[in-house]
Each structure stands twice: as structure tokens, then as C-alpha cells.
Amino acid sequence: MKPPTQDKNTESFRDGVTAHGSAMSFHAMAKPVGSTCNLDCTYCYYLSKEHLDRGPGAGRMSDETLDLFIQQYIEGTAGNEVVFSWQGGEPTLLGLEFFRKVIAFQGKHARPGQRIENDLQTNGTLLNEEWCDFLKEHRFLVGLSIDGPKEIHDHYRVTKGGRPTFDQVFAAAKMLQRRGVPFNTLTCVHRYNGRRPKDVYQFLRQELDSRYIQFIPIVEHKQFTQVAPQKWNDAELPRDGEPEARPGQPGSIVTDWSVDPDDWGYFLCHVFDRWLDRDIGSVMVNHFETLVAQHLGLPSQMCVYSENCGRGVAVENDGSVYSCDHYVYPEYRLGNVKSARLGEMVFSPEQFRFGKSKSESLPKYCRECAYLTDCWGECPKNRLIRTPDGEPGLNYLCRGFKKFFAHALPEVNRIAARLSKSPLRPKPRM
């Protein structure tokens with residue numbers, strides 16, 4: 001099993017080079033239960049999807065739709081490996097019988113010699129030993145969502161009744177370890193834990209012994225439940241440095257739980273130092289690994305740091321296909337697997353324009369930045385503010401990323417130089 005390299009907010013957390021490096025490759029993130037979840041995490045961007053006029057709503061993917069999706073994904077994927085990523089909502093709500101059908105349909109449609117892999121992103125609260133046996137038998141790679149020690153995790157990650165979930169998730173992690181199920185941890189960095197990198201990283205390493213760590217910055221436009229990315233009024237966007245470009249301020253452009261840009265930089269810098277001091281060579285942290293890879297001349301392992309995007313679509317429970325997991329809005333619906341081929345939708349002119357706009361829409365401020373090729377403006381859905389001179393399209397986290405790159409790049413370049421001396425030029429796995 002390859003260790004994961006990507007987060008919930010993007011795309012597959014497996015080999016990003018495979019997902020984004022090949023000219024005819026793509027990745028589909030399946031949402032077979034739509035936005036349905038047994039938790040009510042404050043910052044979840046997906047729970048609101050059932051309220052959209054053309055949103056996926058509640059319900060489960062039918063057997064017919066599941067079979068069509070699996071068939072089309074396998075047919076449309078170049079190469080000898082196909083990676084299925086199952087997310088939600090909470091996909092384990094579908095039960096084991098659904099995923100036994102997944103395995104059966106994959107076996108039915110797989111080409112001779114083709115390797116099928118599966119990823120499952122879960123909150124962990126419904127896992128039991130039967131689940132663990134199934135996941136191990138079929139070589140699922142699990143992404144487990146946990147935000148740090150109990151007091152931090154339970155601040156936002158609660159049940160529908162507002163009850164804490166840490167004890168269940170922590171027990172699930174230990175059970176996965178006992179049963180030999182490979183998993184990574186996915187930790188959201190938000191306003192509450194952004195200034196506590198030591199507490200979060202120490203917990204993940206010492207309490208959970210996590211060796212594959214993903215950090216995801218929580219950033220949401222204040223009207224994200226109604227307004228699709230890039231459909232907001234540019235004239236209303238604050239400039240970098242203005243109070244409205246931070247959370248918790250009157251008239252803030254983002255939700256109260258969004259991570260502060262300076263805190264995001266602070267978090268990455270402090271975790272990087274602890275990783276460098278104690279864990280380099282034995283622990284993978286997504287933002288650090290991809291930065292080294294990029295400075296080796298390799299493709300980004302995370303779509304948010306790629307020059308262009310568009311190769312990672314979301315497939316909803318009704319078979320609808322959207323340009324991206326963060327673009328599940330009517331304006332970005334590409335079609336449905338029941339009436340169009342998945343591969344044709346991914347490589348359609350419409351989706352090509354969507355992907356190219358990531359680089360083409362960058363403001364001059366970004367194009368002249370010393371860190372352009374490290375960042376490429378990060379995820380377009382986070383371009384919520386204007387540059388100091390008023391041009392729209394600047395990433396809300398820009399000042400945090402600049403702080404991190406300035407801090408980390410001298411050491412990253414030394415690591416890359418050392419690795420580049422290898423005759424095989426290995427993909428970094430530090």
C-alpha cells in the first residue's frame with residue numbers, strides 16, 4: 001500500500017503524481033451517500049449541499065448508479081492502476097453490504113492485470129472489528145479525521161446532538177492499528193487550533209503514532225452555503241491586510257471558524273521545525289513532502305499546489321459529476337454518469353477551461369511572487385481577497401503561505417539537493 005499524500009479537501013490522498021502527472025489521467029472522488037453524515041461538525045462544508053437547489057441531497061447511491069460509475073471510471077482511467085476514493089458525508093453509513101458490492105463490481109469490470117485500490121475517508125465513529133476485517137482483507141487505505149487531543153477535537157467535531165466524539169475516534173484509531181489496517185490522519189486546521197501546532201502535532205505523533213499526516217486549512221466564504229466559488233462579487237472582497245480579510249471581524253469575508261492566515265503560517269512553520277528535528281525520514285506530512293517533490297522538479301503531490309487543476313472530479317450519490325469536491329454547485333455540474341461518459345466529462349472543453357483558469361486567473365501580484373511555483377495560488381476556492389493594489393483573485397491564506405515558504409525553503413532546498421544526488425531520483429518519502 002502506498003502511503004497517502006493528499007487531503008480531504010482535494011482529491012485522492014494517494015499518489016498525486018499518478019493522479020495529476022499523466023496527460024490522460026484523472027481522479028474521481030465518490031460521494032455515495034451525498035452529504036448525509038452522523039456528525040454535525042461546525043466547519044463542514046458539505047453538510048449544506050442537501051439545501052442547494054440542485055444539490056445532491058440525502059440518500060444512497062443506487063446499485064445501478066454504482067455499477068455505472070465503477071465501469072466508467074475503470075474504462076476511462078489510463079494505466080494499470082485505478083484508485084477509488086470513497087467519501088461523504090460519512091460513507092460508512094452505507095454499511096458493509098454496500099462496499100461488498102463495490103468490490104464485486106470492481107472485479108466485474110477490471111481489465112486483466114489491472115490493480116484496483118480503494119481509499120475510505122471516515123470520521124471513524126461507526127467502525128468496528130467487522131469493518132476492520134473487511135478493510136484489511138480488501139486493502140483499503142483509511143483516512144481518519146481527527147483534529148488533535150480531546151479538548152481540541154471536541155470543539156467542532158460533535159454529533160447531531162452536540163455530544164463530543166473524540167473517545168470514539170481515538171478508539172477507532174487504536175482498533176485500526178491493532179487489526180493492521182493502514183490509515184492516515186486528516187487534521188483540519190481552523191481558528192481554534194491554528195495557534196496550537198505543538199499540541200496537535202505532539203498528539204498525532206505520540207498518542208496516535210500517526211506516520212502519514214494530512215493538514216487541511218479550513219477556509220470558507222461567509223456565504224458558501226448559497227454562493228459558489230468565483231461567483232461572489234469581486235467589489236465586495238477585502239484587500240490583503242484589511243480587518244475583513246481575517247475571521248472574527250465585523251464584515252469578515254470568511255466564517256468565524258476559518259483559520260486566520262497568519263495562524264496558518266505559524267502552524268506550518270512550527271510543525272515543520274518539529275518534523276525536521278524529530279521525524280524526517282519516518283513521518284510523511286503532506287505539505288512538506290510535496291514541497292520537496294516540487295523542488296526536485298517533480299509534479300505536485302497535491303492538486304492545490306499544481307499549476308492547473310480539473311483532473312479531480314466529484315461524483316455524487318445520484319451520479320451527478322461536478323468539477324471538484326469543493327465545487328458541488330449547480331454552476332459546476334458537468335453531467336451525470338447515467339447520460340454521459342465519465343471520461344468524456346472530465347476531458348470536456350468545459351472542464352478543461354475550469355482547470356486552466358487556476359493559473360490564467362492569477363493576479364499580477366501572484367505572477368511576480370518569488371513563491372509562484374511553490375504555490376500557484378493554492379486552491380481557487382480560497383481566492384477570497386484582493387491584492388494590496390485592489391486586483392481580485394488573491395488567496396486568503398497568502399500571507400500565511402509566504403511566512404511558511406520563507407521559513408522552510410532553505411532547508412527544503414538542502415533536502416532536495418541531497419535527494420537529487422541519488423541516481424534513481426527517488427520520489428521523496430521522508
_R195/D260 under salt bridge (charged side-chain N to carboxylate O under 4.0 Å, His left out): CA gap, chis, key distance, verdict_ = CA-CA 9 Å; R195 299 295 296 183; D260 184 274; over 6 Å; no

*Please assess E75 against R341 for the test salt bridge (charged side-chain N to carboxylate O under 4.0 Å, His left out), listing each intermediate value before the final yes or no.*
CA-CA 10 Å; E75 288 178 351; R341 308 299 294 180; 2.3 Å; yes

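Judged purely by distance below 3.5 Å, without hydrogens or angles, the side chains of T225 and S48 never pair a donor atom with an acceptor atom. Defined by atom type and a distance below 3.5 Å, a donor-acceptor pair is present between the side-chain atoms of E90 and T122.
Nearest heavy atoms, P261 versus R399: CB-CG, 3.6 Å.
Here F105 and H109 keep their ring centres 6.0 angstrom or further from each other. In summary, the aromatic rings of H287 and F215 are positioned with their centroids too far apart to meet the 6.0 Å limit. Between F183 and Y212, the ring centre distance reaches or exceeds 6.0 Å. Between W275 and F288, the ring centre distance stays below 6.0 Å. Remark: aromatic rings of F69 and F84 are close, center separation under 6.0 Å. Taking the six-membered ring for Trp and the full ring otherwise, the centers of Y305 and Y371 sit at least 6.0 Å from each other.
Applying the salt bridge (Lys or Arg N to Asp or Glu O under 4.0 Å) rule to E411 yields the partners R414; only residues at least two apart in sequence or on another chain are considered.
Stacking of K31 on the aromatic ring of Y46 is recorded, both the 6.0 Å distance cut-off and the 45° axial limit being met.
Ring geometry, F347 versus F26: the interplanar angle exceeds 60°, so the pair is classed perpendicular (tilted spans 30 to 60°). Aromatic ring orientation, F134 versus F140: tilted (interplanar angle from 30° to 60°).
Y327 pairs with exactly one of F354, Y322, F224, Y45 by the ring-ring contact (aromatic ring centres under 6.0 Å, His included) rule, that one being F354. Here the rule is ring-ring contact (aromatic ring centres under 6.0 Å, His included) with H190, and of W264, Y43, W257 only Y43 fits it.
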